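Counting begins at 1 with the first residue of the sequence. Since the model is a prediction, treat every value here as computed from it, not as a measurement.
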Amino acid sequence: MQGVSMSQRPYHIDVMISAKAIAARIEDLARLIRDEYKDTDKLVVVGLLRGSFVFIADLVRELEMNVEVDFLEASSYGNATESSREVKILKDLRGAIEGRDVLVVEDIVDTGHTLTAVLELLRSRHPRKLETIALLDKPARREVPLKATWTGFEIPDAFVVGYGIDFAQANRNLPYIGTVVFDDEGTAEASA
Ligand code: PRP
């Protein structure tokens, strides 16, 4: 779709999920969330940096309810041969969540380690209600059992970028979800 020169290896990006399809799905998801939190005065919407920044921006504007927006940044360390990973909190929430209704927003659930660790941390702070939403889910890559409360799209194990998701810190600003295709190899199999 778009020629890019950020990688050593030349690649292009094919559209997997269009901006229009994402917008339509977010409208559906927002309805489900509004219903689930209909008795909530002010929902704390927590975006996981950096990948969720586009999704959370579009989602909160569809919610049409009182929200507080906060961010948390976690990073997981490990390699493919390790069954567990260390997840570090690089940036914590600004606000307290004890007794509050919280929705964690993730761009993609891959192995599941990041969201599992984040949920464990947030649960220890005793929110009243804690749910999760992920725009994308790659169930084939899961290493720990985890399912977000709501998922936008289940996708195969392809190398996806765009709509907040990067490849070597590029392509986050694409308005669609695309797959990276290396010109010398065809569609790459890799994690986000
Ligand atoms: C990506 C993505 C998720 C996480 C999912 O973040 O945004 O947070 O990986 O992977 P997991 O399910 O295997 O834990 P990344 O660490 O690439 O950081 P970023 O959001 O800043 O791009």
Side-chain angles (χ1 to χ4, degrees), residues 1-2 4 6 13-75 90-95 97 100-110 112 114-115 118-119 122 127 129-139 141 146-156 158-180 191-192:
M1 186 78 185
Q2 179 182 323
V4 193
M6 293 296 292
I13 296 169
D14 286 342
V15 177
M16 175 189 260
I17 308 169
S18 69
K20 202 173 161 190
I22 295 170
R25 183 69 183 128
I26 289 176
E27 279 183 29
D28 295 342
L29 293 166
R31 267 194 293 276
L32 298 173
I33 292 166
R34 265 202 303 278
D35 192 46
E36 182 69 27
Y37 289 99
K38 58 182 176 299
D39 301 323
T40 301
D41 286 340
K42 193 200 264 181
L43 178 63
V44 184
V45 184
V46 173
L48 300 193
L49 294 172
R50 288 175 257 184
S52 73
F53 78 103
V54 178
F55 182 35
I56 193 174
D58 282 348
L59 183 67
V60 293
R61 285 180 292 177
E62 283 297 326
L63 280 180
E64 293 166 7
M65 60 186 288
N66 199 10
V67 300
E68 179 175 320
V69 176
D70 208 336
F71 291 96
L72 190 144
E73 184 169 8
S75 194
L90 303 179
K91 184 214 166 294
D92 206 341
L93 299 177
R94 292 282 297 274
I97 57 166
R100 317 256 332 250
D101 289 355
V102 177
L103 174 67
V104 178
V105 179
E106 180 62 297
D107 53 339
I108 183 165
V109 180
D110 190 3
T114 305
L115 196 51
V118 166
L119 289 176
L122 297 185
K129 190 173 169 67
L130 179 63
E131 305 293 344
T132 53
I133 182 166
L135 180 70
L136 304 177
D137 187 358
K138 272 189 195 172
R141 293 263 310 163
L146 176 89
K147 181 87 186 145
T149 315
W150 298 283
T151 296
F153 303 91
E154 270 196 12
I155 59 167
F159 191 160
V160 290
V161 292
Y163 202 74
I165 300 172
D166 73 304
F167 171 32
Q169 297 306 330
N171 304 302
R172 290 192 197 270
N173 56 330
L174 296 176
Y176 53 84
I177 297 291
T179 51
V180 172
S191 60

[X] (side chain) donor-acceptor with [Y] (main chain) under 3.5 angstrom:
X: T149; Y: T132; value: yes
X: R34; Y: L63; value: yes
X: K138; Y: A158; value: yes
X: Y163; Y: S18; value: no
X: S52; Y: F55; value: no
X: R141; Y: D110; value: no
X: K91; Y: F71; value: yes

Closest heavy-atom contact between [X] and [Y]?
X: A57; Y: V60; value: O-CG2, 3.6 Å
X: A19; Y: P175; value: CB-O, 3.3 Å
X: V118; Y: A74; value: CG2-CB, 4.0 Å
X: E106; Y: V109; value: CG-CG2, 4.3 Å
X: D101; Y: L43; value: O-CD1, 3.4 Å

Min side-chain heavy-atom separation [X]-[Y] under 4.5 Å:
X: I177; Y: I155; value: no
X: V104; Y: L48; value: yes
X: L122; Y: L72; value: yes
X: I165; Y: L136; value: yes
X: F153; Y: M16; value: no
X: K42; Y: R100; value: yes

Does the distance from a Lys or Arg side-chain N to an Asp or Glu carboxylate O, for K147 and E154, drop under 4.0 Å?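 Result for this pair is yes, salt bridge flagged.
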
Under 4.0 Å between a side-chain nitrogen and a carboxylate oxygen: does that hold for R94 and D70? no

side-chain contact (heavy atoms from CB on, under 4.5 Å), paired with I13, selected from T179, V160, L174: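 Passing option: L174.
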
Would you mind telling me which of V105, L135, L103 makes a side-chain contact (heavy atoms from CB on, under 4.5 Å) with W150?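 Only one of V105, L135, L103 forms a side-chain contact (heavy atoms from CB on, under 4.5 Å) with W150, namely L103.
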
Quick one: pull up [atom1] in [X] and [atom2] in [Y] and give me the separation to the nearest 0.5 Å.
X: R61; Y: I56; atom1: CZ; atom2: CD1; result: 11.0 Å
X: D107; Y: I133; atom1: CG; atom2: CD1; result: 12.0 Å
X: I17; Y: R25; atom1: CD1; atom2: CZ; result: 10.5 Å
X: R172; Y: F53; atom1: CZ; atom2: CZ; result: 6.5 Å

Are there over 12 heavy-atom neighbours, none belonging to D41, within less than 6.0 Å of that residue's CG?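 No, because the 6.0 Å sphere around CG of D41 holds 12 heavy atoms or fewer from other groups.
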
Given the rule in the side chain to side chain contact (heavy atoms under 4.5 Å, CB included) test, do I22 and D58 qualify, once you have shown the distances and angles that lead to the verdict? CA-CA 10 Å; I22 295 170; D58 282 348; 5.6 Å; no

